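Take a look at the structure below.
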Amino acid sequence: MKLENNKYFKAVVKEAWPYTVGAVLLALLNISLFIVTGSAWGISGTLLNWGAKLYQAVGGQLQNWFYYSDPARLRALETPFFSHGGSLMNLGIIVGAFLASLAASQFKIRKIKSVRQVIAAIVGGLLMGYGTRVAFGCNIGAFFSGVASFSLHGWIYGIFIFVGAWIGSKLLVKYFM
Amino acid sequence: MVEYRLDCLGEACPVPLLKTQKKMAELQVGDILVVEVDHSCAMKNVPEWARKEGYNVEIEETGDGEWDIYIEKTK
């Protein structure tokens, strides 16, 4: 029998896992992470540090940035890439997703369909990036980890992300369909 | 019975689902819509929606990371 017809291979590698399996795994991994590193999972703060490092590499100056006037944030920025937990985790997500899509033979570089799609991606990315900094996190750091640590801000974030998604879907139907 | 094709290649969620919903509304009972997608979550949410509507759904993997979703308008 060919490997791709094996039912276990299909269920584990090929097909999407049920939502409940994902939820339980995420919860267990977040608990383990908290035990090992002492902080909950987050993604977007590290992405900002990657961007800031890139900006520094091309000669950009950060000392006047309000965001980096916080010593803890500056320390995170100055930690070398391979000693920084957040950077390693983000790298792990990218490498892991890549390997998973290869294992399922689902890796594909998608064609760009229109200029509109490019503009939407850039504007959307900038808005999301800015949003994560004023909300002190993304749907991982602010929502997922916020709710898991019984913090009210996680729930408030959750309510407003629904409002945002509702407005976003209306705009999507109006301008992109 | 007519077969229509809907090209959603290169479109990210939820665009394939929204386009499918719009197109299905135009079809006659008995017609088939083939939705071409290359976004793995569209392969999940498009069939989910169609089955909930009571339509017959079949998925065919046409290439690496590409699928044809066959939806038959049954009512």
Side-chain angles (χ1 to χ4, degrees), chain A residues 2-6 9-23 93 96-125 127-128 139 161-162 164-177, chain B residues 2-28 31-73:
Chain A
K2 276 167 88 179
L3 183 63
E4 59 218 71
N5 296 326
N6 180 294
F9 179 81
K10 260 183 154 169
V12 177
V13 177
K14 201 94 183 131
E15 282 161 17
W17 292 358
Y19 294 129
T20 41
V21 174
I93 291 170
F98 176 63
L99 292 179
S101 67
L102 279 184
S105 329
Q106 292 175 354
F107 183 76
K108 188 193 169 191
I109 295 178
R110 261 182 239 122
K111 274 197 222 74
I112 296 168
K113 239 186 168 173
S114 60
V115 184
R116 222 198 265 188
Q117 211 180 27
V118 177
I119 296 167
I122 294 171
V123 173
L127 282 174
M128 278 199 285
N139 46 355
I161 206 88
F162 268 101
W166 184 80
I167 296 171
S169 65
K170 294 281 166 210
L171 290 175
L172 186 77
V173 171
K174 198 159 175 203
Y175 295 106
F176 285 93
M177 298 294 294
Chain B
V2 194
E3 191 178 287
Y4 297 92
R5 293 192 83 83
L6 184 62
D7 175 15
C8 289
L9 297 174
E11 309 266 28
C13 288
V15 177
L17 178 62
L18 292 168
K19 282 194 169 167
T20 304
Q21 289 174 331
K22 205 168 154 191
K23 188 77 191 169
M24 282 306 284
E26 297 166 11
L27 264 62
Q28 304 292 319
D31 290 353
I32 289 175
L33 180 65
V34 185
V35 189
E36 302 166 2
V37 297
D38 58 3
H39 199 240
S40 60
C41 75
M43 204 256 291
K44 208 169 155 73
N45 66 16
V46 173
E48 247 173 33
W49 167 79
R51 289 200 179 103
K52 219 183 270 170
E53 291 290 307
Y55 303 146
N56 290 330
V57 182
E58 250 175 70
I59 304 165
E60 196 191 324
E61 194 169 353
T62 53
D64 282 0
E66 276 179 38
W67 298 271
D68 279 355
I69 306 169
Y70 290 77
I71 308 172
E72 185 194 356
K73 187 155 178 169

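So that the names make sense, note that chain A is the first sequence line, chain B the second, and so on, each numbered from 1. These figures come from a predicted structure and were not determined experimentally.
- Rounded to the nearest 0.5 angstrom, B:Glu66 CD and A:Arg110 CZ are separated by 10.0 Å.
- At a 4.5 Å heavy-atom cutoff, A:Glu15 makes no contact with chain B through either its backbone or its side chain.
- B:Lys19 touches chain A through backbone and side chain together, each having a heavy atom under 4.5 Å away.
- Using a distance-only test at 3.5 Å, with no hydrogens or angles considered, no donor-acceptor pair links the side chain of B:Glu11 to the main chain of A:Lys113.
- Annotation for A:Gln117 and B:Gly10: closest pair NE2-O, 2.6 Å, computed over non-hydrogen atoms.
- Around CD of B:Glu58, the count of heavy atoms belonging to other residues, nucleotides or ligands within 6.0 Å does not exceed 12.
- Atom CG of residue A:Leu102 and atom CG of residue B:Asp64 lie 9.0 Å apart, to the nearest 0.5 angstrom.
- Looking at every heavy atom in both residues, A:Ala16 comes nearest to B:Lys44 through CB-CD, 3.8 Å.
- The environment of CD in B:Gln28 is sparse: at most 12 heavy-atom neighbours from other residues, nucleotides or ligands sit within 6.0 Å.
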